[in-house]
Amino acid sequence: MSPLPTRDTRPIIIDTDPGQDDAIAILAALAAPELHVLGITAVAGNVPLELTARNALILVELAGRPDVPVFAGCDRPRRRELLTAEHVHGKTGIDGASLADATTALQPQHAVDWMIETLLAAGEREITICPVGPMTNVAAVLETAPETARHIREIVCMGGGFFNGGNTTPTAEFNVFVDPEAAQIVLHCGAPVTMLPLDVTHKALMTDAWITQVRELGSRTGAAAAGMLDFYERFDVDKYGTFGGPLHDPHVIAYLLRPDFYRGRHCNVEVETESPLTLGMTVVDWWSVTDRPANCQFITEVDSDGFYHLMMGLLSRLP
Ligand code: RIB
Ligand code: CA
């Protein structure tokens with residue numbers, strides 16, 4: 001059982017497939033006094049589960065927070081083969097930071113079982129779930145124990161794309177494409193869902209100056225983060241021909257801390273789970289042209305300067 005949330009902090013669970021951008025999200029969350037990270041659950045995505053779980057352990061130690069429990073979850077989507085993204089994240093998933101393996105061990109409990117236990121022990125609408133990878137673990141929780149949904153305050157996820165299109169296919173973003181059925185389950189679970197898609201993450205690109213400022217923090221976290229980001233952004237800079245790359249996952253943490261940085265619309269979002277052409281597409285009824293009920297706060301705008309200033313402040317709090 002995880003420690004109960006302290007009185008004036010927001011209890012969250014981060015479900016993740018580190019991934020350099022996941023790494024910044026995890027570090028930022030662990031640095032934020034407003035958040036109580038009850039645990040980190042690893043899922044297969046950017047790299048296989050064995051590596052995402054390993055990376056999560058490394059990151060909580062890097063942050064000086066070995067007290068935060070890490071659990072391994074699902075090693076592939078329930079209904080599909082796993083697709084990974086070593087071409088983006090490197091063989092380890094956190095290439096760019098030469099970090100030793102963690103000394104702390106994974107928790108013995110499966111992430112899905114732990115999430116179910118933790119949610120059912122919590123109050124109504126108490127815990128925020130933060131998926132920043134394929135939503136396989138979270139969907140497994142909701143399918144196994146649908147009653148957990150009423151204990152979820154909000155699911156704030158990085159995933160999807162609509163006006164922006166996709167980054168894995170012309171119409172699908174990676175997290176949703178890897179496990180479209182899982183994303184659809186999350187969108188229909190009954191808990192409030194907020195989605196931070198490519199439409200917002202691509203409006204806040206990193207700059208070399210910002211990465212240099214991270215490195216100049218002079219801490220082990222700054223050195224590791226800068227190394228990861230230098231490696232990570234090369235793919236998007238080459239692909240999009242932009243001056244910098246998007247930093248996807250940390251927007252979930254920034255949204256929790258500064259929702260005023262963000263704008264979006266509560267509307268209907270559905271996921272294509274059949275069509276070979278548009279599999280994994282998040283179909284957003286932005287103009288309410290259907291009678292499908294609104295089920296998601298779909299975010300499309302961000303204060304980019306505010307976001308990067310917030311991230312720098314959080315990273316500067318770590319050793
Ligand atoms: O499409 C971006 C998402 O896919 C991010 O979560 C990144 O880490 C990858 O998992
Ligand atoms: Ca991720």
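Everything quoted here is computed from the prediction, not taken from an experiment. We count ligands from 1, going down the list as the structure has it; atoms in each ligand are counted the same way.
Taking the N/O/S atoms of D17 in turn, the shortest distance to the Ca ion (ligand 2) belongs to OD1. Within D249, OD2 is the N, O or S atom that lies nearest to the Ca ion (ligand 2).
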Show the numbers, then the answer: is there a salt bridge (charged side-chain N to carboxylate O under 4.0 Å, His left out) between E124 and R150?
CA-CA 6 Å; E124 301 245 330; R150 72 170 183 270; 2.8 Å; yes
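Pairing each heavy atom of G245 with each of V237, the nearest pair is N-CG2, 3.9 Å.
Transitive grouping of hydrophobic side chains (ILVMFWY, heavy atoms separated by less than 4.5 Å) brings I211 and L314 into a common cluster.
Taking backbone and side-chain atoms together, D21 has no N/O/S atom less than 3.0 Å away from the Ca ion (ligand 2). Residue V132: an N/O/S atom is found under 3.0 Å from the Ca ion (ligand 2).
Each of F243, Y308, F307 was scored for a ring-ring contact (aromatic ring centres under 6.0 Å, His included) with W210, with one residue passing: Y308.
E143 and R78 are joined by a salt bridge, as a carboxylate oxygen and a charged side-chain nitrogen come within less than 4.0 angstrom of each other. Using a 4.0 Å cut-off between a side-chain N of Lys or Arg and a carboxylate O of Asp or Glu, R76 and D179 do not qualify as a salt bridge. Between R10 and E154, at least one side-chain nitrogen of the basic residue sits less than 4.0 Å from a carboxylate oxygen of the acidic one, meeting the salt-bridge criterion.
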Starting from the N and O atoms of ligand 1, collect every protein N/O partner closer than 3.5 Å and put each pair on its own line with the distance to 0.1 Å.
| from | atom 1 | to | atom 2 | distance (Å) |
| --- | --- | --- | --- | --- |
| ligand 1 | 1 (O) | N167 | ND2 | 2.8 |
| ligand 1 | 1 (O) | E173 | OE2 | 2.6 |
| ligand 1 | 4 (O) | N175 | OD1 | 3.2 |
| ligand 1 | 6 (O) | V132 | O | 2.9 |
| ligand 1 | 6 (O) | N175 | ND2 | 3.0 |
| ligand 1 | 6 (O) | D249 | OD1 | 2.6 |
| ligand 1 | 6 (O) | D249 | OD2 | 3.0 |
| ligand 1 | 8 (O) | D21 | OD1 | 2.6 |
| ligand 1 | 8 (O) | D21 | OD2 | 3.1 |
| ligand 1 | 8 (O) | D22 | OD1 | 2.8 |
| ligand 1 | 8 (O) | N46 | ND2 | 3.1 |
| ligand 1 | 8 (O) | D249 | OD2 | 3.1 |
| ligand 1 | 10 (O) | D17 | OD1 | 3.4 |
| ligand 1 | 10 (O) | D17 | OD2 | 3.1 |
| ligand 1 | 10 (O) | N46 | OD1 | 3.0 |
| ligand 1 | 10 (O) | N46 | ND2 | 3.2 |
| ligand 1 | 10 (O) | N175 | OD1 | 2.9 |

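Applying the ring-ring contact (aromatic ring centres under 6.0 Å, His included) criterion to H151, with sequence neighbours excluded, gives no partner residue.
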